[in-house]
Amino acid sequence: MRLSRSLIPTLKETPSEAQIASHRLMLRAGLVRQTASGIYAWLPAGWKVLQNIARIVAEEQEAVGTQAMLMPTIQSADLWRQSGRYDAYGPEMLRITDRHQRELLYGPTNEEMLTDLVRSGLKSYRDLPQMLFHIQWKFRDEVRPRFGVMRGREFLMKDAYSFDLDYDGAVISYRKQMLAYMRTFQRLGLKAIPMVADTGPIGGNLSHEFIVLAPTGESGVFFDAAFEEIDWEKASFDSESPADLERFFQLATEAYAATDEKHDEAEWAKVPADRKREGRGIEVGHIFYFGTKYSEPMGLTVSGRDGAAVVPHMGSYGVGVSRLAGAIIEASHDDAGIIWPDSVAPFPAVIVNLKPGDEACDALCEQAYAAFKGKALYDDREERAGAKFADADLMGHPWQIVVGPRGAKTGMVELKRRATGEKVELSLADALAKIG
RNA sequence: CGGGACGUAGCACAGCCUGGUAGUGCGCCUGCUUCGGGAGCAGGAGGCCGGAGGUUCGAAUCCUCUCGUCCCGACCA
């Protein structure tokens, strides 16, 4: 993308409504614009980020056997009356009436809808287990939206649902999802730690929140440093092997980790002092098992081995996709701007032409731009060098290929790694090779 | 939902108390000089002062209502 022809409106000053780093930087880097309280438009660069996150989330879901699908945003009130949640949900649910006075709602979640959908498709115990997910916009009419996309009213969410014959099966599904989550967050460049969460009336220990470590996070967290060393991508766990899942679950849950609300001083005292870590975190995902809470009242049954009706056990698994965009920035930025992990950056690199109009600069830049097949950002604007450097740092491209009149004559560029600030002079070919 | 603020140019803000031709900085446009970390000079465009009523000869300014946005608390992917 050529910056001179792109809608990436960077701002030198911070709009007054933005309080926290990610919100400020998302506005300043031209990623999003607010259109109403807690509702955001994703501008071209922001949309690329969101798609990158969604793609990784989806890939890891499919890697553990979750099927991708898409359910609508608008749902019927009748569906929610079947589970009893229509009245229980409260004013957070946006209720809508159509021209025929039918009661509709903008979905805050999809348990009812999917349970309804699978009712006619799942007939026999042979049809189980099933895991399905979609990535769709949700709406929750938060009393007080804030922190930009981290707590908006409209948000993009991955929600997955599992259907199993019994509790033991549900545990397998639950662990598969947890494995997918650890891999997902690591690919997104995040340190995420699963922490035991409230299970409410369901009970048991099958509810975990995933907390991303970020100094500006909303909740305090306490955890064992053991989590810092685990490489979930390299660790080989076969999601089809119950034994591997067991081993994985042990590893992911045995060390101490808790948010301040669930903090247990007695357990904390058992953690060796040199492994104690305290910090702040942002919740980016939540998984839980809820048994037959929806399948039972909504009449979802399959025939069991003996021919009798069996009510499937369910679980649901959420990831705040749009929230992650903010969380990643909270976890990865400096005074100059965003520092995108390679996997989610809107552009792998920016090509900074320090002197548009200079024959050598233009030619070398075009050559570099062509090498990325249009996927890089080419800053071809008639701006001063300082402004371009500032914008490049602000937007957080992982690599900056700086082309100036001095080096261009001999085909040399300066390659800067945003994360480290390291700069080296080398030929364009070497620079491209280094970026890979 | 309780408490507190704020709506004036694309962004940040002053002006309001004490009514009298709507301002400053950044950004934008033109020209010249500059040109490797947000340049200098000169000229220029851009505002129904959130909206509706009212008071007044006259309202950004005073009064009433309304809409919107933000902050603190309780709540949430």
Side-chain angles (χ1 to χ4, degrees), chain A residues 7 9-20 23-24 27-28 30 33-39 53 57 89-93 107-110 135-160 181 185 192 197-198 200 207-212 218-219 259 261 281-288 316-327 335-337 352-358 361 379 381-395 400 402-408 412-414 416 421 423 425:
Chain A
L7 184 71
T10 58
L11 301 171
K12 208 160 149 183
E13 292 180 84
T14 303
S16 57
E17 75 258 24
Q19 299 300 313
I20 61 163
H23 191 192
R24 281 201 304 269
L27 291 170
R28 287 194 52 214
R33 284 290 116 99
Q34 176 168 293
T35 60
S37 180
I39 301 179
I53 296 169
V57 170
Y89 215 92
E92 275 202 341
M93 184 153 75
T109 178
N110 287 67
I135 294 176
Q136 178 62 289
W137 294 95
K138 304 276 189 293
F139 194 93
R140 289 182 198 166
D141 198 359
E142 297 284 343
V143 214
R144 193 184 159 207
R146 61 185 132 164
F147 304 149
V149 300
M150 294 230 294
R151 200 180 310 166
R153 291 192 293 172
E154 188 184 52
F155 55 96
L156 190 63
M157 181 176 172
K158 184 284 299 183
D159 40 327
Y181 275 43
F185 296 131
D198 273 323
S207 175
H208 285 87
E209 294 178 340
F210 293 80
I211 306 283
V212 162
E218 301 172 61
S219 39
T259 55
E261 302 105 59
I282 301 162
E283 184 186 350
V284 292
H286 196 167
I287 62 178
F288 50 94
S316 80
Y317 315 91
V319 170
V321 174
S322 48
R323 169 178 280 195
L324 272 166
D335 289 344
V352 182
N353 189 340
L354 288 185
K355 195 168 185 184
D358 177 277
C361 283
D379 189 349
R381 297 172 303 169
E382 303 276 349
E383 284 289 343
R384 300 173 58 81
K388 294 192 176 199
F389 290 135
D391 272 347
D393 287 346
L394 172 63
M395 289 188 259
Q400 298 174 12
V402 180
V403 178
R406 281 203 311 253
M412 299 294 280
V413 302
E414 182 186 272
K416 174 175 167 183
K423 298 184 224 180
E425 291 254 353

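Every chain is numbered from 1 and lettered A, B, ... according to where its sequence line falls, protein lines coming before strand lines.
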* **Those residues that, when tested against A/Ser16, pass side-chain contact (heavy atoms from CB on, under 4.5 Å) (two or more places apart)** => none
* Which part of the nucleic acid, if any, lies within contact of A/Glu17, taking any heavy atom under 4.0 Å across all strands shown: a base, the sugar-phosphate backbone alone, or nothing? -> sugar-phosphate
Distances for protein N or O near nucleotides 39-42 of chain B N or O, under 3.5 Å:
| from | atom 1 | to | atom 2 | distance (Å) |
| --- | --- | --- | --- | --- |
| B/A39 | OP2 | A/Arg384 | NE | 3.0 |
| B/A39 | N9 | A/Arg384 | NH1 | 3.3 |
| B/A39 | N7 | A/Arg384 | NH1 | 3.1 |

* **Under the ring pair (Phe, Tyr, Trp, His ring centres under 6.0 Å) test, residues paired with A/Tyr181 that sit two or more places apart** => A/Phe185, A/Phe210
* Touch class at under 4.0 angstrom, heavy-atom based, for A/Asp393 against every strand present -> base
* Asked: So, A/Phe389 and B/G38: ring centres less than 5.5 Å apart, planes less than 30° off, yes or no?
  -> no
* Asked: Expressed in whole Å, how much space separates the C1' atoms belonging to B/U24 and B/G47?
  -> 14 Å
* Asked: For A/Gln34, which contact category applies under a 4.0 Å heavy-atom criterion: base, sugar-phosphate, or nothing?
  -> sugar-phosphate
* Once you round it to whole Å, what is the distance between C1' of B/U69 and CG of A/Leu27? -> 13 Å
* Asked: Base, sugar-phosphate, or nothing for A/Gly404, non-hydrogen atoms under 4.0 angstrom?
  -> base
* Indicate whether OP1 or OP2 belonging to B/C70 is found under 4.0 Å from a side-chain N or O atom of A/Ser37. => yes
* Would you say the side chain of A/Arg28 and the base of B/G27 hold a donor-acceptor pair, judged only by whether the two atoms sit under 3.5 Å apart? -> no
* To do: Identify whether any heavy atom of A/Gly152 sits under 4.0 Å from a base atom; if not, whether one sits that close to sugar-phosphate; answer base, sugar-phosphate or nothing.
  => base
* Would you say A/Ser16 reaches B/C13's phosphate, i.e. side-chain N/O to OP1/OP2 under 4.0 Å? -> yes
* Asked: Which part of the nucleic acid, if any, lies within reach of A/Thr109 when heavy atoms closer than 4.0 Å are counted: base, sugar-phosphate only, or nothing?
  -> nothing
* **Opposite nucleotide pairing with B/C32, Watson-Crick or G-U, both atom distances under 3.5 Å** => B/G40
